[in-house]
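Notes follow the structure.
Along the sequence shown, the residues carry numbers beginning at 1.
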Amino acid sequence: MSGPARPAPPDEERDPPGTVPAPGVSVVRAAGCVLWRRARADGPPSAFALVHRPKYDDWSHPKGKLLPGEEARAAAVREVREETGMVCVPGAELSTQRYSAKGHPKEVRYWLAEASAGSFEPNDEIDALVWLEPDAARERLTHPQDRELLDEAVDALRTPGRPTA
């Protein structure tokens, strides 16, 4: 679980690329964050949080399904808190990931979010959290779409004038 990324294992969550869900199957809506923190309060971004899900043996960004009637941004903040123990301040919205999971189309909206407080405790869903510099985080992430999302987040944090929090 602590080593570098390896080819994506068979994933019970994501269907093989190109899978087309049956017509009329409802979309599973989820939200999450690319969570980052600074080494110093006034310093630049220094690390990104990745979570390990033992059920799928993968490293990803914190995310989860929306509750009935819940707004996506609120769900992203809630999921970060539940999965990482971190309170976060969401900023710019990032790309939405779309893929098929267990025969259902899944749509996951993401925000760039700065961690402001909290501490991680392992649980049944997430057994590890690591804070890594961008290059190391990119290597550790299991899914290519998550690497693209990290690249987008790093770009957003480097772009002057783009809102980040």
Side-chain angles (χ1 to χ4, degrees), residues 1-2 5 11-14 26-99 101-102 104-134 136-143 145-158 162-165:
M1 139 173 78
S2 61
D11 188 339
E12 295 176 22
E13 180 188 24
R14 297 182 192 206
S26 61
V27 174
V28 175
R29 301 205 187 283
C33 292
V34 176
L35 186 65
W36 64 278
R37 70 178 181 190
R38 303 173 198 268
R40 296 186 335 253
D42 62 343
S46 59
F48 290 86
L50 304 182
V51 295
H52 182 261
R53 302 181 306 166
K55 181 177 180 178
Y56 304 114
D57 190 24
D58 70 353
W59 289 95
S60 64
H61 303 291
K63 66 180 179 299
K65 295 176 188 167
L66 276 63
L67 300 174
E70 187 176 34
E71 293 291 327
R73 184 174 159 137
V77 170
R78 176 183 52 76
E79 286 291 339
V80 164
R81 182 67 184 245
E82 289 177 4
E83 293 190 354
T84 70
M86 299 290 136
V87 174
C88 70
V89 179
E93 186 168 3
L94 301 171
S95 294
T96 297
Q97 289 187 0
R98 292 176 179 84
Y99 52 91
K102 298 179 183 176
H104 289 267
K106 188 166 187 178
E107 179 179 284
V108 187
R109 291 177 62 187
Y110 282 95
W111 281 263
L112 185 58
E114 183 175 7
S116 59
S119 62
F120 173 73
E121 292 196 21
N123 57 62
D124 290 341
E125 189 177 351
I126 304 297
D127 65 351
L129 176 137
V130 293
W131 290 95
L132 300 171
E133 292 181 359
R138 194 172 201 293
E139 286 182 28
R140 181 77 60 99
L141 285 163
T142 304
H143 302 286
Q145 304 96 316
D146 290 339
R147 291 186 200 108
E148 292 168 10
L149 199 59
L150 176 66
D151 292 344
E152 183 181 348
V154 169
D155 259 0
L157 288 166
R158 289 183 181 152
R162 180 163 176 181
T164 58

Give the C-alpha distance, both sets of side-chain angles, the deciding distance and a yes or no for side chain to side chain contact (heavy atoms under 4.5 Å, CB included) between E107 and V28. CA-CA 6 Å; E107 179 179 284; V28 175; over 6 Å; no
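- How far CG of N123 is from OG1 of T84: 10.0 Å, rounded to the nearest 0.5 Å.
- Side-chain contact between H104 and S26: present, with at least one pair of heavy atoms (C-beta onward) separated by less than 4.5 Å.
- The distance from atom CG of D146 to atom CZ of R140, rounded to the nearest 0.5 Å, is 14.0 Å.
- Of the possible donor and acceptor atoms, none in the side chain of E83 sits under 3.5 Å from a partner among the backbone N and O of V51.
- No hydrogens or angles considered: a donor-acceptor pair under 3.5 Å links the side chains of D127 and H52.
- Judged purely by atom type and a 3.5 angstrom limit, Q97 uses its side chain to pair as donor or acceptor with the backbone of Q145.
- Other residues, nucleotides and ligands contribute at most 12 non-hydrogen atoms within 6.0 Å of the CD atom of E71.
- Across all non-hydrogen atoms, the minimal contact from L35 to C88 is CD1-CB, 3.7 Å.
- What you find for A49 and L129 is that their closest heavy atoms are CB-CD1, 4.3 Å.
- Rounded to the nearest 0.5 angstrom, H61 NE2 and H143 NE2 are separated by 10.5 Å.
- Atom CD of E114 is separated from atom CG of L157 by 8.5 Å, given to the nearest 0.5 angstrom.
- Put simply, the side chain of S46 gets close to the backbone of R37: a donor and an acceptor are under 3.5 Å apart.
- Residue C33 holds its SG atom at 11.5 Å from CZ of R78, rounded to the nearest 0.5 Å.
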Where do F48 and V154 land on the side chain to side chain contact (heavy atoms under 4.5 Å, CB included) test, with the steps shown first? CA-CA 9 Å; F48 290 86; V154 169; 3.8 Å; yes
I would like to know whether V130 and W59 meet side chain to side chain contact (heavy atoms under 4.5 Å, CB included); could you show each step before the answer? CA-CA 9 Å; V130 293; W59 289 95; 3.7 Å; yes
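- Of all heavy-atom pairs between L149 and S95, the closest is CD1-O, 3.8 Å.
- What you find for A72 and A31 is that their closest heavy atoms are O-CB, 3.2 Å.
- Looking at heavy atoms from C-beta onward, K106 lies out of side-chain contact with V27 at the 4.5 angstrom threshold.
- Here the closest non-hydrogen pair linking R138 and L150 is N-CD2, 3.5 Å.
- The environment of E82 atom CD is dense: over 12 non-hydrogen atoms of other residues, nucleotides or ligands sit within 6.0 angstrom.
- Looking at R147, its side chain does come within 3.5 Å of a backbone N or O of L141 through a donor-acceptor pair.
- When every heavy atom of W111 is checked against every heavy atom of P90, the shortest pair comes out as CB-CB, 4.3 Å.
- Here the CZ-CG distance, from R109 to L66, works out to 8.5 Å after rounding to the nearest 0.5 Å.
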